Every structure is written in structure tokens, then in C-alpha cells.
Amino acid sequence: MFHETSTVIASIQYGIPMARIELMDALAMRAVNRFSHLDYAEKPTLFLEFHGTHAGVTEQAETMAELRQEFGGSA
């Protein structure tokens, strides 16, 4: 979960306003899939929630995507 943790730390350092950040490990993702009949990858996963204007949220999501790539995370 190094990639995910590094991405969150960088987002805080960049000052990206987040409404919610949730990090789930593979076991938690498996439980989500089973309970909700989903097929998410069962690996460490970050869920992010942004608030603001459409333009602001778009910019925040793009910046997070860049950070995710920088730290080796997947889509």
C-alpha cells in the first residue's frame, strides 16, 4: 500500500481539498465485491471524494491522476 499512502501524502502537501479519502486493502475490497456483487480489483484501492465546482473538481481529479501515476498507482 506504499503507492496509495504516498499519493495521499502528496495530495495533502499539494493542498488538494478532499471531502473524503478511503484506503481499502485487498481483503476489504473482496468483502465489498461479495456484499455488493461488484467486480472491483481485489487489491489496495483509494476512494476519493471531491467537492466544489465542476471545473474545480475536474482539476483536482486530474492532479490526483498525475500523482497516482507519479507514485506507480493504477487507474
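Quick caveat: nothing in here was measured; it's all calculated off a predicted structure. The basis for the numbers below is simple: all heavy atoms, side chains too, and nothing from hydrogens, waters or symmetry mates.
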Cluster question for you: counting only ILVMFWY and a side-chain heavy-atom cut-off of under 4.5 Å, with indirect links fine, are Tyr40 and Phe35 together? no
Hits for side-chain hydrogen bond (donor to acceptor under 3.5 Å, both in side chains) against Glu42, two or more places apart or cross-chain, chain-then-number order -> Arg30, Asn33
Which residue pairs pass the salt bridge (Lys or Arg N to Asp or Glu O under 4.0 Å) test when at least one of the two sits in residues 50-64, sequence neighbours left out? none
When clusters are formed by joining ILVMFWY residues with side-chain heavy atoms under 4.5 Å apart, either directly or through shared neighbours, do Ile21 and Ile9 land in the same one? no
Applying side-chain hydrogen bond (donor to acceptor under 3.5 Å, both in side chains), name anything that partners Ser74, two or more places apart in sequence or on another chain. Lys43
I need the minimum non-hydrogen distance between Gln60 and His51, along with the two atoms involved. OE1-O, 4.0 Å
Do Leu23 and Ile12 belong together in a cluster built from hydrophobic side chains that touch within less than 4.5 Å? yes
For Thr45, the option from Glu22, Met29, Glu4 that meets side-chain contact (heavy atoms from CB on, under 4.5 Å): Met29
Contact list for residues 64-75, test salt bridge (Lys or Arg N to Asp or Glu O under 4.0 Å), sequence neighbours left out: none
Looking at Phe47, I'd like to know if its CZ atom is crowded, meaning that more than 12 non-hydrogen atoms belonging to other residues, nucleotides or ligands lie closer than 6.0 Å. yes
Could you please spell out the steps behind the side-chain contact (heavy atoms from CB on, under 4.5 Å) verdict for Leu67 and Ile16? CA-CA 11 Å; Leu67 291 173; Ile16 300 171; 3.9 Å; yes
Restricting to non-hydrogen atoms, name the atom on Phe71 and the atom on Ala10 that form the minimum distance, rounded to 0.1 Å. CE1-CB, 3.6 Å
Residues which pass side chain to side chain contact (heavy atoms under 4.5 Å, CB included) with Ala28, listed by chain and number, not counting sequence neighbours: Met24, Asp25
Does the side chain of Val8 reach to within under 4.5 Å of the side chain of Leu46, using non-hydrogen atoms? yes
Only counting residues at least two apart or in another chain, list the ones meeting salt bridge (Lys or Arg N to Asp or Glu O under 4.0 Å) with Glu49. Arg20
